[in-house]
Q: 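Sharing a structure, written as structure tokens. Questions coming.
Since we're looking at a predicted model, the values are computed, not measured. Start at 1 and go down the list; that is how both ligands and their atoms are numbered.
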Amino acid sequence: MKYDVTVIGSGPGGYVAAIRCAQLGFKTALIEKYPTLGGTCLNVGCIPSKALLDSTEHYHNAQTTFGEHGINLTGLKANLARMIKRKGEVVAQTTQGIDYLMKKNKIEVLHGTGSFVDNHTLKVSGAEEITLTTDKVIIATGSKPASLPFITLDKKRVITSTEALELKEVPKHLIIIGGGVIGLELGSVYARLGAKVSVVEYMNSLIPTMDGMLGRELKKVLKKLNFEYFLKHKVTGVKATAKTVTVTAESHRGEAVEIKGDYCLVAVGRKPYTTGLGLEKAGVKMDEAGRIVVDDWLKTTADNIYAIGDVVRGAMLAHKAEEEGVFVAEVLAGQKPHIHYHLIPGVVYTWPEVASVGYTEEQLKEEGRAYTSGSFPYRALGRARASMDIDGQVKVLADKNTDEILGVHIIGARAADMIAAAVTAMEYRASAEDVARMSHAHPTYMEAVKEACLTASGNRAIHM
Ligand code: FAD
Ligand code: NAD
């Protein structure tokens, strides 16, 4: 078998790269070692976590706000097994959608582990062993959960996100190591179902890489869900028995703490996955963090081999991997594509949602850049009062001299969808005044963005 392009890994990076290659006329193959396509994102990441977040959010609302809306329920009960079954159905529909897209685009799907024999020859070890030749290769093998050297992941009591999507019972007390995206999303799932959640985080805020306002606000709202926090704490040990887990940690002042629970979710980041690829046989180099080294065109240290998504530098996000998949296919076709990495948004699917794009206020301060800041609270929006979603705010950061929008940071209902408007405005290098002068439908959550822009561009918010 001979292909123009062979993609290794069928996550959002790999399957999107394969589709774009096929659209551009390349004879394309896609190698995936798991039986279903879609990678981490569709099987054990974005999609299943959002399915459980939605189910538990419905339950939480039924418990907490339905009465206020005049809807009285009796005998309300959460059925975790049913929620997990529905999650599985959503995953199955979504991964089958990728099978359909592969057929539609005439992409050859080869199931098995792909490895290099040399730069142009790949072995696929599955039910049978296949050898193929290829002109170009795109590596999209993604990432796996990271851990700490002293932790034994027994996958029963001490678990990663993958097991947390399949629990048979609601933990009584879930201890989460890492106050980042996975910890707070999956912590929300179980807190809404009644678990006490303790978050042990090394840094001094939750979601520490995002704008500081977001972490501070999220900390307050999740506290209402029975979250407790051990910020600026370094985990020193995790011990599990058949039914319990004990986590020990040390505060920045050197005080020791011991937290006892029944499950411990380790969510300290993810590491690039290259095991078994035989990169050395093709001259593909990795950096000290295990990422495949790529240049600005996402080309590896081997001339005909490219790499994209979680396995290379940058944010570990599905939409970043997708952009890179399209980018490499277009580079191979001789086009001149561009990715504006600075404007890739980040979203945390807690409730309220958190969404962010561009510079954080901390970055602007560090760079000594002159900026203005405009904020608007959700509680001042008619739309938010109508839906009882009054927690949150929008913050817009703009250049003090030119008024160009430099960053938009939202915590509040539907922030995940709203951030696309901020990305659009920033891609077109809009000023805060440009957005402030555009008509925003009333009543909507987006009015908070308009009001924040009014403040950033001249302190003239109307409704505050
Ligand atoms: P992956 O999706 O990891 O896919 C890599 C694929 O390569 C896998 O299928 C693997 O089996 C295959 N593979 C590896 N080695 C080989 C080999 N040698 N041969 C054949 N196949 C191989 N991101 C978001 O943007 N939004 C979210 O809401 C979100 N939620 C997440 C929730 C969780 C719980 C987790 C864990 C992650 C989440 N992410 C989210 C991150 C997102 O899943 C990743 O950024 C994304 O999947 C990366 O895509 P990728 O194509 O680089 O790799
Ligand atoms: P993360 O990087 O978001 O958070 C990890 C957290 O663990 C950080 O806050 C870090 O300071 C902390 N930490 C690290 N070592 C620690 C230690 N020894 N003790 C205490 N805390 C420690 O990583 P994650 O939450 O594991 O998620 C992994 C990746 O998956 C992320 O890159 C994320 O982008 C992606 N993801 C994205 C989404 C989304 O887009 N909604 C959802 C889930 C996962």
Q: Could you tell me whether L317 and ligand 1 have an N or O pair separated by under 3.5 Å?
A: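 Yes; the residue has a nitrogen or oxygen that sits under 3.5 Å from a nitrogen or oxygen of the ligand.
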
Q: Salt bridge check, E323 against K320: does any charged N sit closer than 4.0 Å to a carboxylate O?
A: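 E323 and K320: not salt-bridged.
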
Q: Quick test of your reading of the model: are D287 and R313 salt-bridged, counting only N-O distances below 4.0 Å?
A: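 No, D287 and R313 are not salt-bridged.
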
Q: Are Y359 and H342 near enough that their ring centres are under 6.0 Å apart?
A: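 Under 6.0 Å, so yes.
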
Q: For ligand 2, find out whether one of its N or O atoms is nearer than 3.5 Å to an N or O atom of M316.
A: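 Yes, since at least one N or O of M316 sits under 3.5 Å from an N or O of ligand 2.
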
Q: Geometry only, no angles: is G114 polar-contacting ligand 1 at N/O separations under 3.5 Å?
A: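 For ligand 1, there is an N or O atom that lies under 3.5 Å from one belonging to G114.
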
Q: For ligand 2 and L317, I'd like to know whether there is a polar contact (N/O to N/O, distance under 3.5 Å).
A: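 So ligand 2 has no N or O lying under 3.5 Å from an N or O of L317.
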
Q: Is P208 in contact with ligand 2, taking contact as a heavy-atom separation below 4.0 Å?
A: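 Per 4.0 Å heavy-atom rule, P208 contacts ligand 2.
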
Q: Please state which protein non-hydrogen atom is closest to atom 30 (O) of ligand 2 and give its distance, to 0.1 Å?
A: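 It is R270 CD, 3.7 Å.
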
Q: Return the residue, atom name and 0.1 Å-rounded distance of the protein heavy atom closest to atom 39 (C) of ligand 2.
A: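 Scanning the protein heavy atoms, the shortest distance from atom 39 (C) of ligand 2 goes to V347 O, 3.4 Å.
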
Q: Just to confirm my output: which protein heavy-atom neighbour is closest to atom 7 (O) of ligand 2, and how far is it?
A: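 Heavy-atom neighbour on the protein nearest atom 7 (O) of ligand 2: G178 CA, 3.3 Å.
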
Q: Does an N or O anywhere in G13 fall below 3.5 Å from an N or O of ligand 1?
A: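 Indeed, backbone or side chain, G13 has an N or O that close.
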
